[in-house]
There are 2 protein chains.
Amino acid sequence: MGRGPTSKDVARLAGVSQSTVSYVMSGKRSISAETLRRVEEAMAALNYQPHAGARALAGSRTNTIAIVMPFASAYDAGQLMAFVEEFVLAARVHDYDVLLVTAEEGIEGLRRITGGRQCDAAVVMQVTAQDQRADLARTLDFPVIFIGVPEDTTGLACVDFDFEAAGRLLVEELADLGNTRLSVLGWGADSVDRDYNYIGRFARGVTGAAEAHRLPVDWHLAPAADGFAAVLDAGLHPDGGRTGIIMTAGLSGGMRALALRGLVPGRDADVVALCTEAEAEEQVVPLTAVSTQPRDVSRMVAERLFALIDAGRPAQEGVDIVTATLVRRASTGRA
Amino acid sequence: MGRGPTSKDVARLAGVSQSTVSYVMSGKRSISAETLRRVEEAMAALNYQPHAGARALAGSRTNTIAIVMPFASAYDAGQLMAFVEEFVLAARVHDYDVLLVTAEEGIEGLRRITGGRQCDAAVVMQVTAQDQRADLARTLDFPVIFIGVPEDTTGLACVDFDFEAAGRLLVEELADLGNTRLSVLGWGADSVDRDYNYIGRFARGVTGAAEAHRLPVDWHLAPAADGFAAVLDAGLHPDGGRTGIIMTAGLSGGMRALALRGLVPGRDADVVALCTEAEAEEQVVPLTAVSTQPRDVSRMVAERLFALIDAGRPAQEGVDIVTATLVRRASTGRA
DNA sequence: TTGTATGCGTTATCAT
DNA sequence: ATGATAACGCATACAA
């Protein structure tokens, strides 16, 4: 593997000193038009690419951002991909590359990456209420942005979707449609155990709005939703009431449970969901839904991160919330 | 942002020279038990992490692999994620990190990453028949593995799923079930235009097997599959014949088209698919299908790549094929 | 078995 | 406006 041209080679070809080449790249001092031209020509002629390692060593910036990803998680793959794509594109605009770290490496992964100066900042996804990585970040003096909201956000920069509003919007939609009780097919015990904060916030949004509208709610955990099936079998609209359905996790299972009983969303019951737009639209009956917007989250994270990096400040404390909006589709009567 | 401890600091604390610390890490010369212990203690005490940039500069290895990903593509997000996860895990086993590059950067992205010595090797996904990156790789003297098979594989290392066998298996399954003609809902013009080789290989597999069994085939491009809908409306089994259905792209659209007409896979027609296992299983009627195995591909790529890296040889020419297998589910009569 | 010294390719501080 | 030169932190050839 050939060693590749260095800035010294460029300098020689352009007939200038090596430091001049460096200054041409950084733009940190004024260069005469003539010199600039010769250096740029030489760089092009040699197909010169600065050595990233040498840069990181001398300049103590890597132009790399690490993103700690929860692969085998409750997250939808499409969402994750959308988030990552958007983030990588935003990073490239600022001339940054993206290093992938699995959440499986846990706190050690963060330590390794930051300690080894492989990146200038990190994004940590899928944050739990009691997240050890939050504690580490506080001691780190290193820009980290969290996606999700740990219980104690002191000294942390967080971004998240407004799950509480999402819960509220879905309940209000069903209430407006005249439903008198709610059945929720939601996250299973495994997710709750791992203490994903957003599940609690969503539940709080649902509960709050349901109480305000005096609607009783029964919860069922996906995917082992025997209870949910029982509700369907017992009849959705007993005693002249009307049961509205909210689905979060276990969407395909829930839709299948309906289909197997010949129940059509929008005709036999109002069904709303918290899911991706793609999921909402690819159902046999497209779903009225609040969709998390991974690209919006991604853009907000990138914006905030590069503001930090460019300013050189430590991560500014605070939680940024991405707005939730409901889109009506055929699964609710009045679409 | 503090500078962090260096190997010099470790050396001082352990009462040895800096080079000894380095040799402890690399294991490239024998160290007395006593020295080893003191150095390791010092490293632990200081929470020492070697500076990645300095390492790359001095050792000319980055311990990083770039993976060039096709985000907004015909690829399924779940497949991509599975591939990436598996690869990152494999990479960590060999003490490598993974850098993400978008295919949107095209050939320049590859050039930038390899030229800047940000990685020791690269994996290029979603390769087209006439892929410029293949030409670049041939001139690069740098380990690159392609996922997908360009037309000219001279000097390239490629790994891919056996799409031709996939097509054959699906046709044979339908033939064995007594179908006398085939209807294929497949990739749309956009994918074909971009010349994804695997589409052609799949089609070849279908065509070859269909000819061998003397089955007529009609093709419909997803998602604008008006022709497919017309076939359904015209009646699937005219003239005492029997039409078997193969779905590749546009699966959800195809299933919806069936559902809207009250057609149930496995009852009214045999339906098979080339899709992910998750997709096959989450349908109302689970699908008999050949599934690409992203994790198998990933493992094969990783295995081959690290063999190259460890051996220090240039990428060994040749195409590795990941076996295709069919799994029977309820969408074909005899499940 | 261990220490000394050099170089990797940049950035940035002195000079001029 | 430009050139020398000293770090940056590690790997490794050379000495002992």
Side-chain angles (χ1 to χ4, degrees), chain A residues 1-40 42-43 46-64 95 112 114-118 120 312, chain B residues 1-40 42-43 46-64 95 112 114-118 120 312:
Chain A
M1 290 195 276
R3 305 225 64 61
T6 71
S7 58
K8 214 168 174 177
D9 299 323
V10 174
R12 184 165 27 232
L13 183 57
V16 299
S17 78
Q18 181 274 327
S19 67
T20 296
V21 174
S22 180
Y23 281 114
V24 164
M25 294 191 286
S26 69
K28 287 190 178 173
R29 75 182 186 192
S30 48
I31 306 279
S32 75
E34 169 62 8
T35 303
L36 183 63
R37 192 186 55 73
R38 298 222 318 264
V39 170
E40 281 176 340
M43 294 199 298
L46 296 176
N47 206 329
Y48 167 72
Q49 306 280 137
H51 189 296
R55 273 207 158 153
L57 183 56
S60 63
R61 325 188 72 203
T62 59
N63 274 43
T64 298
D95 204 41
R112 178 173 60 82
T114 58
R117 300 210 150 38
Q118 295 192 60
D120 302 330
Chain B
M1 290 196 275
R3 302 224 65 62
T6 71
S7 58
K8 215 168 173 178
D9 298 324
V10 174
R12 183 165 27 232
L13 183 57
V16 300
S17 77
Q18 179 271 324
S19 70
T20 296
V21 175
S22 183
Y23 281 116
V24 165
M25 293 191 288
S26 70
K28 286 189 179 174
R29 75 182 187 192
S30 49
I31 306 280
S32 74
E34 168 62 7
T35 303
L36 183 64
R37 191 185 56 72
R38 298 223 317 265
V39 170
E40 281 175 340
M43 294 200 298
L46 296 176
N47 206 328
Y48 168 72
Q49 307 280 139
H51 188 295
R55 267 203 164 160
L57 183 56
S60 63
R61 326 188 73 205
T62 59
N63 273 42
T64 298
D95 203 41
R112 178 172 60 82
T114 57
R117 303 213 149 34
Q118 294 193 60
D120 302 331

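Values below: all heavy atoms of this structure, side chains included; hydrogens, waters and symmetry mates excluded. By convention in this document, chain letters (A, B, ...) are assigned in the order of the sequence lines, proteins followed by strands, and residues within each chain are numbered from 1.
Across the protein-nucleic acid pair, A:Gln49 atom CD and C:dC8 atom P stand 20 Å apart, rounded to whole Å. Computed from coordinates, the B:Gln18 CD to C:dA5 C1' distance equals 11 Å when rounded to whole Å. The separation between A:Met43 atom CE and C:dG9 atom P is 17 Å, rounded to whole Å. For the pair A:Gln118 CD and D:dC10 C1', the interatomic distance rounds to 14 Å; values are reported in whole Å. For B:His51 and D:dC8, the NE2 to P distance is 11 Å, given to the nearest whole Å. Whole-Å rounding puts the A:Asn63 CG to C:dT11 C1' distance at 13 Å. Summarising the geometry, the separation between CG on A:Asp9 and C1' on C:dC8 is reported as 13 Å, rounded to the nearest angstrom. Rounded to whole angstrom, the span from the CE atom of B:Met25 across to the C1' atom of D:dC10 amounts to 7 Å.
Using a 4.0 Å heavy-atom criterion, one finds that A:Ser19 contacts the bases of the nucleic acid, with or without backbone contacts as well. Among the heavy atoms of the strands lying under 4.0 Å from A:Thr35 are primed sugar atoms or P, OP1, OP2 only; no base atom is included. Contact annotation for A:Thr20: backbone-only contact, meaning every heavy-atom pair under 4.0 Å involves sugar-phosphate atoms and none involves a base. Contacts of B:Ser32 with the nucleic acid, taken as non-hydrogen atoms under 4.0 Å apart, involve only primed sugar atoms and P, OP1 or OP2. Counting any heavy atom pair closer than 4.0 Å across all strands shown, B:Val21 reaches no nucleic acid atom.
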For side chain to side chain contact (heavy atoms under 4.5 Å, CB included), just list the numbers for B:Tyr48 and B:Asp9, CA-CA rounded to whole Å, side-chain angles, deciding distance to a tenth of an Å, and then say yes or no. CA-CA 9 Å; B:Tyr48 168 72; B:Asp9 298 324; over 6 Å; no

Test side chain to side chain contact (heavy atoms under 4.5 Å, CB included) on B:Arg117 and A:Gln49 and set out the steps. CA-CA 9 Å; B:Arg117 303 213 149 34; A:Gln49 306 280 137; over 6 Å; no

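Checking C:dT1, D:dG9, C:dG9 against the side-chain heavy atoms of A:Ala54 singles out C:dG9 as nearest. Of the candidates D:dG3, C:dT10, D:dC10, the closest approach to any side-chain atom of A:Ser17 belongs to D:dG3.
Looking at A:Tyr23, its side chain comes within 3.5 Å of the base of C:dT13 through a donor and an acceptor atom. Residue-to-nucleotide contacts include no donor-acceptor pair under 3.5 Å from the side chain of A:Arg55 to the base of C:dT11.
Toward the 5′ end of DNA chain C lies the nearest nucleotide of B:Ile31, the other residue of the pair B:Ile31 and B:Leu57 mapping further downstream. Mapped onto DNA chain D by nearest heavy atom, A:Arg29 and B:Tyr48 fall at different nucleotides, with A:Arg29 at the one closer to the 5' end.
Here B:Lys28 reaches the OP1 or OP2 of D:dT12: one of its side-chain N or O atoms lies under 4.0 Å away. For A:Ser22 and C:dT11, the shortest distance from a side-chain N or O to OP1 or OP2 is below 4.0 Å. In terms of phosphate contacts, A:Thr6 brings no side-chain nitrogen or oxygen within less than 4.0 Å of OP1 or OP2 of C:dG9.
For B:Arg38 against B:Gly15, the heavy-atom pair with the smallest separation is NH2-O, 3.6 Å. Across all their heavy atoms, A:Gln118 and B:Ala52 have their closest contact at CG-CB, 3.4 Å. In terms of heavy atoms, A:Arg29 sits closest to A:Ser19 at NH2-OG, 4.3 Å. Closest non-hydrogen pair, B:Pro5 versus B:Asn47, comes out as CG-O, 4.3 Å.
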